[in-house]
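What follows is a set of notes on a single structure, which appears directly below.
Residue numbers start from 1 in every chain, and the chains themselves are labelled A, B, ... in the order their sequence lines are given, proteins ahead of strands.
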There are 2 protein chains.
Amino acid sequence: MQTKAVEDYLKAIYEVQEREGRVATSALAERLQISAASATGMIKKLAEMGLVSHEPYQGVRLTEPGRKIALEVIRHHRLVETYLVEAMGLTWDKVHDEAEKWEHVLSEELEDRMDEMLGRPTHDPHGAPIPTREGHIPETPRLKLSEAVAGETVTIAQVADDDAAMLRYLGERGLYPGVAVTVTHIEPFEGPLTVRREDRDISLGRPVAECIKVRRPGEA
Amino acid sequence: MQTKAVEDYLKAIYEVQEREGRVATSALAERLQISAASATGMIKKLAEMGLVSHEPYQGVRLTEPGRKIALEVIRHHRLVETYLVEAMGLTWDKVHDEAEKWEHVLSEELEDRMDEMLGRPTHDPHGAPIPTREGHIPETPRLKLSEAVAGETVTIAQVADDDAAMLRYLGERGLYPGVAVTVTHIEPFEGPLTVRREDRDISLGRPVAECIKVRRPGEA
DNA sequence: AGATAGATTTTAGCTAGACTAATTTTTGAT
DNA sequence: ATCAAAAATTAGTCTAGCTAAAATCTATCT
């Protein structure tokens, strides 16, 4: 059986793997807000099911079947987010929590119907790529806004979808995927940075800038 | 906590109560496809939570809070069914299974958005009334098609939503809520009956006729 | 190499929700 | 009124999750 819990774990493992390369038990537990013991227990079961490989004390990796399932759940999540914004008119700060629940109950048929109604979108409202049904997801070069250098102009590609307050904050300032900004100043030592968008300067704290992925001119 | 299981039990209790008046433990177990012992166990918990009252050996009844929750779940179910048909173009035989899953994950906000998009519908695609948010549901006189007498003309009010094959069967013959039919013949002894719709005679087995609720001329 | 901090795993025990088998209560038929 | 059948309950078990606390391993620093 493929329970909600299994799906949540695989999704979380995929996301941690993307972000940090290695997936430590503790990182997974932190991510899922559960104890490390629970994580270890489930990791064992996932390994028995052949969905992850696990070297004790060395962390965990998705197998190909596990990756397939993770990407399917992520596809559901991002399609639902897109649907809620495009077809139902919700604001982008509210759709993550809904999608967390819907992703587990979406049939393949309805998934396809949504996809079709939306015109086979490639990205969700936060700029995250939507995996194909076959489990393909584009590899595109991205850097964090906080890694940009002063003076360069970059285009916002993606923002974190799970912090509603931050999404409202960004929305109020017109910082959406597709918007170009020029980095006018960066404070050293984890300090804030300033970007210019259409003649207005906007100061952003470092943690916010960490949540924004951008692309350089000419990049896909 | 209000789990999926609790919601499913309350909904089932409500539906059995509607159909049969008394809710026997065995009827509930049958309805939910679980053992009678499991039903007894959960009934105890529901009673502790104050959602049902339980006289051992006498069956179970929803309390007012329990009824409120049951009607909320049913409202979700029927709104989702309506949404899937009206807004997403699914056929009426496919929506029950989806709604069984969605009813448990629908937020109040999204419920209201759906309701609004659909123009505050009062009935779902199968003709079942949609409870209001306050837990109100209309009391309307209905009889089973199998209880009609030969010669009378009745209007189809509602059909069972949980048998996909039967819904396709009825759909193919144009038997939807709102359609008027004349009962031309009824076989005794649980036999089939014949209805006439727009100059065509349609023969229906007794079990099918049991699943169709009709209203007499002049009734709401 | 040894010490030790931090990560990981193990152990023990809890809860929800299901099950079977055995028992008790109610009902219905003679 | 009795007694068998049906219905409901109790008792005990199972699995999937979880937590907290204890034990163990790894890696790093001197």
Letter per nucleotide, 5' to 3', of nucleotides 1-6 of chain D [B base touched, S only sugar-phosphate touched, - untouched; heavy atoms, 4.0 Å]:
------
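With a 4.5 Å cut-off on side-chain heavy atoms, A/Arg133 and A/Glu111 count as touching. Side-chain contact between A/Lys101 and B/Ser107 is present, with heavy atoms from C-beta onward closer than 4.5 Å.
Rounding to the nearest 0.5 Å gives a distance of 11.0 Å between CH2 of A/Trp92 and CD of A/Glu81.
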List, one per line, each side-chain donor-acceptor pair under 3.5 Å for residues 207-214 of chain B, sequence neighbours excluded.
from     : atom 1 : to       : atom 2 : distance (Å)
B/Glu210 : OE1    : B/Lys144 : NZ     : 3.2
B/Glu210 : OE2    : B/Ser146 : OG     : 3.4

Throw together a table of side-chain donor-acceptor distances under 3.5 angstrom for residues 40-61 of chain A, partners on residues two or more places apart or in other chains.
from    : atom 1 : to      : atom 2 : distance (Å)
A/Thr40 : OG1    : A/Ala36 : O      : 3.1

Can A/Arg31 and A/Asp8 be said to form a salt bridge (charged side-chain N to carboxylate O under 4.0 Å, His left out), step by step?
CA-CA 10 Å; A/Arg31 170 58 223 267; A/Asp8 279 334; over 6 Å; no
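For DNA chain C, the outermost nucleotides in 5' to 3' order that have an atom under 4.0 Å from a heavy atom of chain B are C/dG17 to C/dT26.
Taking the side-chain hydrogen bond (donor to acceptor under 3.5 Å, both in side chains) definition, one finds that A/Arg168 meets it with A/Asp93, sequence neighbours left out.
For B/Glu30, the CD atom sits in a loose shell: 12 or fewer heavy atoms of surrounding residues, nucleotides or ligands are nearer than 6.0 Å.
Between B/His96 and B/His77, the distance from one ring center to the other falls under 6.0 angstrom.
The shortest distance between the side-chain N/O atoms of A/Thr3 and the OP1/OP2 oxygens of D/dA16 is not below 4.0 Å. Residue B/Arg22 has no polar side-chain atom (N or O) positioned under 4.0 Å from OP1 or OP2 of D/dA7.
For the pair B/Leu28 CG and D/dT9 P, the computed distance is 11 Å after rounding to whole Å. In this entry the distance linking CG of A/Asp8 with C1' of D/dC18 reads 14 Å, nearest Å.
Comparing A/Lys4 and A/Tyr57 against DNA chain D, the residue whose closest nucleotide sits nearer the 5' end is A/Lys4.
Applying side-chain hydrogen bond (donor to acceptor under 3.5 Å, both in side chains) to B/Lys11 and the options B/Glu72, B/His76, B/His104, B/Glu100 leaves one that passes, B/Glu100.
Listed by residue number, A/Ala36, A/Ala37, A/Thr40 are the residues of residues 32-40 of chain A with a heavy-atom contact under 4.0 Å to DNA chain C.
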